[in-house]
Amino acid sequence: MNLITNLKQSTANCIHQLYGVQIQPEQVLVNATKPEIEGDYTIVLFAFVKQLGKSPELLGNELGAAMLADMKGVLTDFNIVKGFLNFTISNQFWFDYIKNANADNLLPKTNMPRKIMVEYSSPNTNKPLHLGHLRNNFLGWSIAEILKLQGNDVVKTCIVNDRGIHICKSMIAWQLFANGATPADTNQKGDHFVGDYYVKFNDAYKAQVAELVAGGKTQELAEKEAPIQKGAQEMLLKWEQGDAATMDLWKRMNTWVYEGFDTTYKKIGSDFVKTYYESNTYLLGKELVEQGLAKKVFYQKEDGSVWIDLTGDGLDEKIVRRKDGTSVYITQDIGLAEVKQKEFNTDASIYVVGDEQNYHFKVLKLICQKLKLPAADGIYHLSYGMVELPTGKMKSREGTVVDADDLVDEMINISKEKTESLGKVSEFTQDQLTELYNTIGLGALKFFLLRVDPKKKMIFNPEESIDFHGFTGPFIQYTHARIKSILRKTGTSIQLTISDLLPLEKALAIELSNFPAVINEAADTLDPSKVAIYTFNLAKLFNSFYAELSIANAESEDKKQLRIQLGILTAATLQKGMRALGIDVPEQM
RNA sequence: GGUUCGGUAGCUCAGCUGGAUAGAGCGUCAUCCUUCUAAGAUGAGGGCCAUUGGUUCGAAUCCAAUCCGAAUCACCA
């Protein structure tokens, strides 16, 4: 099916035929041939030179000739440069590829679809979403789309961290400072409104600590005894006891936050199949602790707390239940893993969570495996790096965060300004314009966050706005729109006849043929940046092609037909690739 | 201190299962719109791939040590 696979297989076959030596096709290294050198694909011979005791020159000639015969019609020529065997692929092969490719079916669906859950977003209800959440959301969405593209059944879920001491901090600050104000009174989005009280809490807390320290207390003692901190802790206690007034306030403030989140999610795109709330799940996992004790996976200390000893696995001892019988973070995650697996019967569960929790997820998987939970082996932590500012980490407590809503709005605004100054869509209606600005602005933002390796932390400089040129979303959107503009003029009904291929036509065909491999690799490594890089390279190549060769006014009718088909395939591939990143591509911009 | 991850052009990043002269974008400089959308193309300039040693035909890539940075090692979530 795939040319590179065939080349590997043929290499192995021919070496076996020629020398009676058995090698695995996977051992064969096939690269794209360097542009300066004649050929399309290169087989690296060094590995076999030693094994077979032949000079690269001799081996290359014998192997080259044998493979030429073996892949007759596909390979037309070969040459040897040092230890590199370069093959030229026949124009006929690429022409057939172009002719047979179907824009509606660019990659084959897997014949072994899996049910995969992707959990991402995990917002806290004490503050609005920021740039870090955006990276999380876009990554989660994109990974889900990539897996879907392969033909898997994907379930997008979200766990909302809606309880805990941080929520109580916003609550108590509201009680103290708000005078009963609501988001409607201040004309604010609910999540921002509540977030402001979280910041107010910290300001008050700092002031109280400073005052206590000035009065002679140690820093540590002051931090414990600050009245507002004590208030938050008492409130958490009341919450856990189900105190009516506390629950009312908690529900009320969370409702404000959810209204705010809703607006944001709608804007950036969100389609969770299921949302879990931590207030419902935080007691989970207790029965599993009992089972673990019975299975002697866990052990109990004298004070009654329950632990697991992971020192044998190179980790530490970890508590799974407090002495008072309550769950800890890891306990509920064990329980939730079980619940999710049962509810959706998943084969795998991908958690999109920041790399600060690497240790937690290592422990989680290990514990689930030791408990022999069905979900255990399918747990996969998609760990991504923090988004940092040039000045360092973002801290919501100190207000040094890049707010998600602000950033999205800014991007949409910039796209509006640019579009207006270029003046190419004067016939658009107001609705169409609004949609276009959103598409471009969000495209720029999403692409910016997805184009780098998820594992790596990334730096965002708020002083420099996100670019619309070069390795960016709008560049690819523009290339797509440009192709569509041509196709509107030329029409898309075509008849392909035998035709020689110019280097750029061939290069485009080769690049297009790589799409399925790129998607598969991105899925295997859970890395959308592979797709981003690919779509960029494809767009760039098409633009060179476009600058060099005319489609509508091609030198012959044959050429015109061929190039229209290349345009159709490129547009479709760009569209699919960008969709896998959660980015739309406009027909016109 | 232990563990894990990172250090590649002025900046932001690819390349890392060892392969040919280390790539892209931005920024800088130069050229190209009476011809399919210039959000584009073409070219120039820019590098001791953190340092040192090792492995081998060959190292940005593998190994070791060192230096720098980050995360984590919570009865927080």
Side-chain angles (χ1 to χ4, degrees), chain A residues 26-27 29 31 33-34 36-37 42 44-47 49-50 56 81-84 86 122 124 159 161 163-167 278 282 303 305-307 314-316 318-324 326-333 354-360 362-363 383 385-386 388 390 392-393 415 418-419 421-422 424-425 440 444 448 451-453 455-461 464 467-479 481-490 529-530 532-533 536-537 539-540 542-554 560 563 567 588-589:
Chain A
E26 301 83 60
Q27 284 177 262
L29 187 59
N31 289 335
T33 304
K34 291 246 157 196
E36 316 80 72
I37 292 168
T42 296
V44 183
L45 296 175
F46 296 101
V49 165
K50 205 170 187 180
V81 183
K82 291 188 244 176
F84 300 93
N86 308 308
S122 41
N124 287 1
I159 170 107
N161 186 4
R163 62 163 285 277
I165 188 76
H166 45 288
I167 318 292
E278 209 182 280
Y282 82 110
D303 67 358
S305 58
V306 179
W307 295 72
L315 304 173
D316 304 281
K318 185 90 187 170
I319 191 164
V320 294
R321 193 174 73 191
R322 297 188 184 95
K323 65 181 175 201
D324 63 8
T326 53
S327 300
V328 294
Y329 178 38
I330 194 103
T331 327
Q332 56 170 297
D333 262 5
D355 61 6
E356 56 198 355
Q357 295 200 37
N358 286 351
Y359 182 76
H360 171 78
K362 223 175 179 174
V363 171
S383 159
M386 296 288 111
E388 292 183 10
K393 279 193 79 168
S415 81
K418 297 222 176 200
T419 305
S421 72
L422 288 168
K424 293 181 184 176
V425 288
I440 297 174
F448 178 83
R451 69 179 188 180
V452 303
D453 186 338
K455 288 195 298 293
K456 295 196 181 173
K457 73 167 188 213
M458 62 186 296
I459 311 249
F460 174 80
N461 189 348
E464 302 166 11
D467 225 302
F468 282 55
H469 301 270
F471 185 19
T472 68
F475 170 87
I476 294 158
Q477 291 173 321
Y478 173 73
T479 307
R482 186 185 231 184
I483 298 171
K484 284 306 179 88
S485 164
I486 298 167
L487 294 180
R488 277 193 293 274
K489 293 188 172 115
T490 61
S529 73
K530 301 257 178 14
I533 291 166
F536 171 63
N537 284 330
K540 201 156 54 115
F542 182 87
N543 282 324
S544 299
F545 168 92
Y546 169 90
E548 197 73 28
L549 305 168
S550 179
I551 296 173
N553 304 309
K560 183 174 170 182
R563 288 176 197 162
Q588 189 182 342
M589 67 186 272

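Nothing here was measured: the structure is a model prediction, and the numbers come from that model. So you know, we letter chains A, B, ... as the sequences are listed, proteins then strands, and number each from 1.
Both the sub-6.0 Å distance and the 45° axial angle are not jointly satisfied by A:R451 relative to the ring of A:F536.
Side-chain nitrogen and oxygen atoms of A:S544 include none within less than 4.0 Å of the OP1 or OP2 phosphate oxygen of B:rG40. Residue A:K456 places none of its side-chain N or O atoms closer than 4.0 Å to OP1 or OP2 of B:rA70. Residue A:R451 places none of its side-chain N or O atoms closer than 4.0 Å to OP1 or OP2 of B:rU12. Between A:K489 and B:rU37 there is a side-chain N or O to OP1 or OP2 distance below 4.0 Å.
Of the candidate nucleotides B:rC13, B:rA20, B:rU42, B:rA20 has the atom lying nearest to any side-chain atom of A:T42. Each of B:rA39, B:rU37, B:rU3 was ranked by its minimum atom distance to the side chain of A:K362; first place goes to B:rU3. Proximity note for A:Y478 (side chain, C-beta onward) versus B:rU37, B:rG25, B:rA20: the nearest is B:rU37. Listed nucleotides B:rA20, B:rC26, B:rU37 differ in distance to A:N86; the shortest reach to its side chain belongs to B:rA20. Of the candidates B:rA41, B:rA20, B:rA14, the closest approach to any side-chain atom of A:N543 belongs to B:rA41. Considering only the side chain of A:K540, B:rA41 comes nearest among B:rU35, B:rA41, B:rG69.
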Output one line per pair: protein atom, nucleotide atom from nucleotides 55-58 of chain B, and distance, for all N/O pairs under 3.5 Å.
{"residue": "B:rC57", "atom": "OP1", "partner": "A:K50", "partner atom": "NZ", "Å": "3.4"}

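Contact annotation for A:V44: base contact, defined as any heavy-atom pair under 4.0 Å involving a base atom.
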Original post:
In dot-bracket form, how is RNA chain B paired, counting a Watson-Crick or G-U wobble pair only if both its distances are under 3.5 Å and using | for bases paired to another strand?
Top reply: ((((((((.[[[[.)...(...]]]].(((((.......))))).....[[[[[..)....]]]]])))))))....
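Between A:G314 and A:A481, the one whose closest nucleotide on RNA chain B sits nearer the 5' end is A:G314.
Evaluation of A:F84 against the base of B:rA20 yields a stacking contact (centre distance < 5.5 Å, interplanar angle < 30°).
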Original post:
What string of B, S and - do you get for nucleotides 72-77 of chain B, 5' to 3', when a contact is any protein heavy atom under 4.0 Å?
Top reply: SS-BSB
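In this structure, A:Y478 has its ring center at least 6.0 angstrom away from the ring center of A:F475. Under the 6.0 Å cut-off for aromatic ring centres, A:Y329 and A:H360 qualify, their centroids lying closer than that.
Looking at A:D316 and A:Y359, their side chains do bring a donor and an acceptor atom within 3.5 Å of each other.
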